[in-house]
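Naming: A, B, ... by sequence-line order, numbering from 1 per chain. Keep in mind the model is a prediction, meaning the values are calculated, not measured.
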Protein chains: 2
Amino acid sequence: MLRKTKQRSIIMDILRETRNHPTAEEIYLKARLYMPKISLSTVYRTLRSLVEEGKILEIKVFGENHARYDYPLEQHQHFYCRKCKELIDLYGDFYYPNNIPHKVEEIRTIFIGVCKDCLKEENDEKV
Amino acid sequence: MLRKTKQRSIIMDILRETRNHPTAEEIYLKARLYMPKISLSTVYRTLRSLVEEGKILEIKVFGENHARYDYPLEQHQHFYCRKCKELIDLYGDFYYPNNIPHKVEEIRTIFIGVCKDCLKEENDEKV
DNA sequence: ATGGTTGCAAATGATTTGCAGAAGC
DNA sequence: GCTTCTGCAAATCATTTGCAACCAT
């Protein structure tokens, strides 16, 4: 049976507030502001159990060696900017082929490229 | 300037032949059959440079802690079976929204669920 | 000959685990 | 009171790196 602890609720709160896909380390640093003695392993353990419960999403980006965590408010996909390393939420309709011969339970799409802000910077530099 | 070495071509050959997305460790074990003294770090170094050159793809699946490598013959997406942990290629047309305000260079979709073989097994068990 | 490449061992970085004490139920 | 959860430190796992020898150009 899962127990309600202070550290678990702090971590959930941080995930709910933080809209930019934090890493375990980042969550740990924020959590310490509320509870200075919280340990990194508790953060990892809690994140893992939240993922297993299906309450949050674990996202791994190629090239990055750490996982990021996402508290999803509604169905969305992600855009990863290879310049600023930002992981941006994308909402909208996605159409996938329906002739897949397997039982599809979840679809994750990640778009990779350069985000509009970095693109703007690139163009400004050229002037 | 990139040099043509025995280890690099062995690794490329293995990737070309192996159609099931091997890990670095698996590639290393196969490579040793051709070249017993090849080192794991050479395998990692070579894979990294191939990824950087864009010749192969690095794929990270949530839950798995190691990367897999894919030598893509043609544009395709992946299906990951959470039962047998197989990563299966999917060919076909995918439609994505075209109103994304960023510069999209690459799209990666991964479908997660239970593959048709595992599904069959599940059903057989129920009988 | 020169400089990229390798093998080895040691280092790193992210994440996990063993254990004894603390805290939920 | 029993059991899960935590903090700490040590362990693990995948991957990277320093370095001297090696080999392709």
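Under 4.0 angstrom from either OP1 or OP2 of C:dA23 there lies no side-chain N or O belonging to A:Q7. For the OP1/OP2 pair of C:dG18 and a distance below 4.0 Å, the side-chain nitrogens and oxygens of A:R45 include no atom meeting the criterion. Side-chain nitrogen and oxygen atoms of B:Y44 include none within less than 4.0 Å of the OP1 or OP2 phosphate oxygen of D:dT16.
Side-chain proximity of A:L2 to the nucleotides D:dC5, D:dT16, C:dG4 is greatest for D:dC5. Closest to the side chain of B:T5, from the set D:dG7, D:dT17, C:dT5, is C:dT5. Of the candidate nucleotides C:dG3, C:dC25, D:dT6, C:dC25 has the atom lying nearest to any side-chain atom of A:K4. When each of D:dT16, C:dA14, D:dC5 is scored by its nearest atom to the side-chain atoms of A:N65, the top-ranked nucleotide is C:dA14. Of the candidate nucleotides C:dG4, C:dG24, D:dT6, D:dT6 has the atom lying nearest to any side-chain atom of A:T46.
Taking 3.5 Å as the limit, the base of D:dT4 and the side chain of A:R3 contain a donor-acceptor pair of atoms between them. For A:S41 against D:dC8, a side-chain N or O and a base N or O form a donor-acceptor pair under 3.5 Å.
In this structure, A:K6 reaches neither bases nor backbone, as no heavy-atom distance under 4.0 Å exists between it and the strands shown.
In this structure, the ring of B:Y44 has its center no less than 6.0 angstrom from the ring center of B:Y28.
When hydrophobic residues (I, L, V, M, F, W, Y) are linked wherever their side-chain heavy atoms come within less than 4.5 Å, the members clustered with B:V114 are B:L119.
Whole-Å rounding puts the A:R8 CZ to C:dA22 P distance at 21 Å. Straight-line distance from the CZ atom of B:R48 to the C1' atom of D:dT17: 9 Å, rounded to whole Å.
A donor-acceptor contact under 3.5 angstrom links the side chains of A:E64 and A:Y80, judged on distance only. A donor-acceptor contact under 3.5 angstrom links the side chains of A:Y96 and A:T109, judged on distance only.
Between its two ends, the helix from C:dA1-D:dT25 to C:dC25-D:dG1 turns its axis by 40°, counting five pairs per end and rounding to 10 degrees.
The local environment of OH in B:Y91 is crowded, with over 12 non-hydrogen atoms from other residues, nucleotides or ligands closer than 6.0 Å.
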